[in-house]
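Worksheet: one structure, shown below.
Order of appearance sets the numbers: ligands from 1, and atoms from 1 within every ligand. FYI, the numbering just counts along the sequence from 1.
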Amino acid sequence: MNKTMGKQEMLTAPFVHEMMEATYNMWGVGWDERNGGNISYLLKEEEVTPYLDPHHVLRTLEFDFPVQALANHYFIVTGSGKYFKNVKSNPEENLGVIRVNNTGTAIDVLWGFSDGGKPTSELPAHFLSHIVRLEQDENHRIIIHNHATNILAMTFTHGLNEKSFTKTLWQMCTECIVVFPDGVGILPWMVPGTNLIGEKTAEKMSKTRLVIWPHHGIFGAGTTMDETFGLIETAEKAAQIYTIISSHQGGVKQVITDQQLADLAEAFGVIPVEGILEV
Ligand code: 13P
Ligand code: ZN
């Protein structure tokens, strides 16, 4: 808890509440069993300073994937090994506010991780993805990773070609092509929590805001918590429809055609990633 004179109570900060709500909601829909999933939220200095003294550093943690582009940036992130279910009842233990140092080689913990914890083990994927998303859009402040159930299931039952996976998702719900016209990126199966999976995730993130880790989960990037949650939710819903209809005895009787998908894109003013629709 921040005890600096003249500062507002940290637990009243809107960004802390957004983290509490998002983690609880994701746990509630079953995407974050045990400690599964992690969130990082880029904060503006003026959002943080009403609650924290930026000179009051609790701990400094070094890391081995320099992120010079994020020097002096503030984030609130979920802790490694922490359960999304528990964030709401104990945010100070399960979350942390951190600032990258000015060489991009360490983080200062300014609040949270009160039991001596540290940021998510997927920090390389989060930080490196933030860098590439900020290059695309300076308003992209959220990276969410979770174990969305039906996306994960679909990585067993559907081929892992990005174009065909994207097309199947688009075909499952009318809104999909509008919500993620850039489609999904898919990595090969990799060991999580490494710098390498972080680099590969970020490479995909330069082209799309959704990156699937087969048999593991999904990464989403966006402007706000709601919008990024909604992005993953939309892909997950499509994957759920796919799973339902795949096991339907009677098979699929009709589909959304490529022409209809193209009409949707035109009507909503989005440009679908090339090489998928045949019209
Ligand atoms: P953390 O508990 O370190 O965030 O890891 C959870 C996870 O989902 C790993 O991919
Ligand atoms: Zn995971």
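Scanning the protein for heavy atoms near atom 10 (O) of ligand 1, the closest one is E122 OE2, 2.5 Å. Annotation: atom 3 (O) of ligand 1 to nearest protein heavy atom, S121 OG, 2.6 Å. Scanning all protein heavy atoms for the shortest distance to atom 4 (O) of ligand 1 gives T120 OG1, 2.7 Å.
Checking only distances, G36 never comes within under 3.5 Å of ligand 1, N or O to N or O. Between P192 and ligand 1, a contact under 3.5 Å exists for no N or O pair. Looking at ligand 1, you'll find an N or O of S80 within less than 3.5 Å of one of its N or O atoms.
Heavy-atom separations between G193 and ligand 1 are all 4.0 Å or longer.
Within H145, the N, O or S atom lying nearest to the Zn ion (ligand 2) carries the name NE2.
Numbered from 1 in the order shown, with element, the atoms of ligand 1 that lie under 4.0 Å from a heavy atom of N35 read 1 (P), 2 (O), 5 (O), 6 (C). Shown in contact with H145 at under 4.0 Å from a heavy atom are these atoms of ligand 1, numbered in order with element: 8 (O), 10 (O). Ligand 1 places these atoms under 4.0 Å from at least one heavy atom of N38: 1 (P), 4 (O), 5 (O), 6 (C), 7 (C), 8 (O). Residue contact check: G81 has heavy atoms under 4.0 Å from atoms 1 (P), 2 (O), 3 (O) of ligand 1. Which parts of ligand 1 touch H216 is read off a 4.0 Å heavy-atom cut-off, strictly below it: atoms 10 (O). Near H147, with a cut-off below 4.0 Å to any heavy atom, the atoms of ligand 1 are 8 (O).
We find that R209 and E227 are joined by a salt bridge, their nearest charged nitrogen and carboxylate oxygen being less than 4.0 Å apart. With salt bridges taken as basic N to acidic carboxylate O contacts below 4.0 Å, none links R59 and D108. Salt bridge E162/K204: present, at least one basic N to carboxylate O contact under 4.0 Å. Ion pairing of E175 with K237 is absent here, as no side-chain N (NZ or NE/NH1/NH2) approaches a carboxylate O to less than 4.0 Å.
With hydrogens and angles left out, the side-chain atoms of T201 and W213 include a donor and acceptor closer than 3.5 Å.
Centroid-to-centroid, the aromatic rings of F165 and W170 stay 6.0 Å apart or farther. Two rings, from W189 and H216, have their centers 6.0 Å or more apart.
The residue from Y74, F75, F15 that alone fulfils the side chain to side chain contact (heavy atoms under 4.5 Å, CB included) condition with L42 is F75.
The neighbour count for Y24 OH, taken as heavy atoms of other residues, nucleotides or ligands under 6.0 Å away, does not exceed 12.
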